[in-house]
Structure formats: structure tokens, C-alpha cells
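As the structure is a prediction and not an experimental result, all values here were calculated from the model. FYI, side chains are in, hydrogens and waters are out, and symmetry mates aren't considered; it's all heavy atoms of this structure.
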Amino acid sequence: MSDKEIILTQDGLKKLEDELENLKSVKRREVAERIKIAIGYGDISENSEYEDAKNEQAFIEGRIITLEKMLRNARIINSDEIDTDTVSIGSTVTVEDLEFGDTMEYAIVGTAEADPLQNKISNESPVGKAILGKKRGTVVDVSVPAGIIQYKIVDIKK
């Protein structure tokens with residue numbers, strides 16, 4: 001992972017900080033205890049519990065390093081920076097699919113916070129890129145694998 005700027009909302013920052021704290025204070029201890037117990041079983045060369053615990057330890061340490069780097073390179077979007085005239089990171093945008101008439105509401109977030117199942121889309125996603133910087137009432141073309149979808153920006157809010 002390069003030293004690329006990570007754009008986060010306040011909620012995203014809190015979520016990453018909470019995950020980091022949990023990994024450092026809870027998960028590290030749990031996996032250390034699992035390793036200690038597995039060593040107690042004897043020969044570690046053919047001990048699957050030991051192998052599994054060591055693999056989990058490596059994953060946790062890798063995730064801690066990743067989170068620390070993300071937080072070091074974080075740029076926090078404050079709510080006063082969010083403009084309701086144009087779509088920006090931190091905006092909640094209502095769009096209408098002009099072909100089917102469906103409306104969807106998306107929160108535009110940085111890639112580290114993206115969660116499509118929670119309607120949080122990245123500023124680098126096809127929809128995010130297409131609507132970023134646009135005003136209410138604008139129609140945008142979004143290129144997706146199935147073709148082109150046209151969305152009209154219905155509302156922009158913080």
C-alpha cells in the first residue's frame with residue numbers, strides 16, 4: 001500500500017480507530033493465548049491448532065499495520081466542508097434511474113469506507129465518479145458492464 005491519501009468521514013475514522021483498538025487490545029491477546037495453549041499440546045511441527053493461531057496472528061499484525069498506515073494518511077472530511085449544491089465526498093445523494101424510474105440514495109465516501117450493502121459508494125466507483133461535482137437536476141451517464149445507465153441527481157444533502 002502506497003502513501004496514498006485516504007479520505008474518511010468522521011464515522012469512517014471512528015470505525016477504523018475502533019477496529020485498530022480492538023485488534024491491538026483484544027485480538028492480539030486472544031491469539032497469543034491460543035498460541036500458548038497450542039504449544040502446550042506438544043510437538044508444534046504437526047500441530048494444526050498452532051499453525052492456525054500463527055496464521056491468525058500474522059493476519060492481525062498485517063491488518064494493524066494497514067490500519068495504522070491508513071490513519072496516518074487520512075484526510076478527514078468535516079461536515080462543514082460538505083456542499084449541498086454539488087455532489088462531494090460526504091454528501092448523501094438521491095438519484096433517479098431514468099430508464100426504470102427507481103430512486104436510490106447513496107452516501108459518497110472514500111474507498112476505505114465504501115460498503116455498497118449500506119449504500120455507501122466510493123468516490124472512485126463508476127456511479128461515484130459520474131456524479132461527483134455535479135449539481136441537483138443534472139443527468140449523468142454511468143458506464144457499467146451492462147451498458148450505460150442514466151441517472152438524474154434528485155437531491156444532495158449532508
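If you chain together hydrophobic residues whose side chains sit under 4.5 Å apart, Ile121 and Val144 fall into the same group. Two different hydrophobic clusters hold Met104 and Val109 under the rule that ILVMFWY side chains link at heavy-atom gaps under 4.5 Å. Cluster membership check: Val87 shares its hydrophobic cluster with Ile149, using side-chain heavy-atom separations under 4.5 Å among Ile, Leu, Val, Met, Phe, Trp and Tyr. If you chain together hydrophobic residues whose side chains sit under 4.5 Å apart, Val31 and Leu67 fall into the same group.
Nearest heavy-atom pair, Ile89 versus Ile82, reported as atom, atom and distance to 0.1 Å: O-CG1, 3.9 Å. Between Ala53 and Ile35 the shortest heavy-atom distance is CB-CG1, 3.6 Å. The two atoms that bring Val140 and Ala130 nearest to each other are CG1-O, 3.5 Å, heavy atoms only. Closest heavy-atom contact between Arg136 and Val154: CG-O, 3.3 Å. Looking at every heavy atom in both residues, Ile108 comes nearest to Ser88 through CB-O, 3.7 Å.
Under the 4.5 Å side-chain criterion, counting only non-hydrogen atoms from C-beta, Ile131 is in contact with Val93. With contacts defined as side-chain heavy-atom distances shorter than 4.5 Å, the pair Leu71/Leu13 qualifies. Residues Val95 and Lys152 have side chains not in contact (no heavy-atom distance under 4.5 Å, counting atoms from C-beta outward).
Among pairs with a residue in residues 49-59, those fulfilling side chain to side chain donor-acceptor pair (under 3.5 Å) read Arg34-Asp52, Arg34-Glu56, Lys54-Gln57, at least two apart in sequence or across chains. For residues 113-127, every residue pair satisfying the side chain to side chain donor-acceptor pair (under 3.5 Å) rule, not counting sequence neighbours, is listed here: Lys4-Glu124, Thr9-Glu113.
Considering only residues two or more places apart in sequence or on other chains, Lys158 meets the salt bridge (Lys or Arg N to Asp or Glu O under 4.0 Å) condition with none of them. Taking Thr86 as the reference, Asp83, Lys135 meet the side-chain contact (heavy atoms from CB on, under 4.5 Å) condition, with sequence neighbours excluded. Remark: Asp85 engages no residue in a side chain to side chain donor-acceptor pair (under 3.5 Å) (not counting sequence neighbours). Applying the side-chain contact (heavy atoms from CB on, under 4.5 Å) criterion to Glu5, with sequence neighbours excluded, gives Ile7, Arg75. Residues passing the side-chain contact (heavy atoms from CB on, under 4.5 Å) test with Lys157 are Thr92, Glu105, Asp155, sequence neighbours excluded. For Lys36, there are no side chain to side chain donor-acceptor pair (under 3.5 Å) partners at least two apart in sequence or on another chain. For Ile64, the side-chain contact (heavy atoms from CB on, under 4.5 Å) test picks out Leu20, Leu23, Lys24, Arg28, Ile60, Glu61, Glu68, with sequence neighbours left out.
Heavy-atom neighbours of Lys134 NZ from other residues, nucleotides or ligands within 6.0 Å: above the threshold of 12.
The CD atom of Glu99 lies 10.5 Å from the OH atom of Tyr151; values are rounded to the nearest 0.5 Å. Atom CG of Asp102 and atom CD of Glu96 lie 8.5 Å apart (nearest 0.5 Å). With rounding to the nearest 0.5 angstrom, the CD atom of Glu30 is 9.5 Å from the OG atom of Ser25. Rounding to the nearest 0.5 angstrom, the gap separating the CG atom in Asp11 from the CD1 atom in Ile77 is 13.0 Å. Rounding to the nearest 0.5 Å places OG of Ser143 at 4.0 Å from CD1 of Ile148. To the nearest 0.5 angstrom, Asp97 atom CG is 10.0 Å from Thr103 atom OG1.
In the hydrophobic clustering, where aliphatic and aromatic side chains (Ile, Leu, Val, Met, Phe, Trp, Tyr) are joined below 4.5 Å either directly or transitively, Val139 groups with Leu98. When hydrophobic residues (I, L, V, M, F, W, Y) are linked wherever their side-chain heavy atoms come within less than 4.5 Å, Phe100 remains an isolated member. Side-chain heavy-atom separations under 4.5 angstrom define the hydrophobic clusters, and the remaining members of the one that includes Ile37 are Tyr41.
Judged by distance alone, the side chain of Asn47 and the main-chain N or O of Ala38 form a donor-acceptor pair under 3.5 Å.
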Checklist entry - What's the verdict on salt bridge (Lys or Arg N to Asp or Glu O under 4.0 Å) for Asp18 and Lys14, showing C-alpha distance, side-chain angles and the deciding distance? => result CA-CA 6 Å; Asp18 290 348; Lys14 173 107 175 75; 3.0 Å; yes

Checklist entry - Could you walk me through whether Asn78 and Gln10 pass the side-chain contact (heavy atoms from CB on, under 4.5 Å) check? => result CA-CA 7 Å; Asn78 294 314; Gln10 286 292 341; 3.2 Å; yes

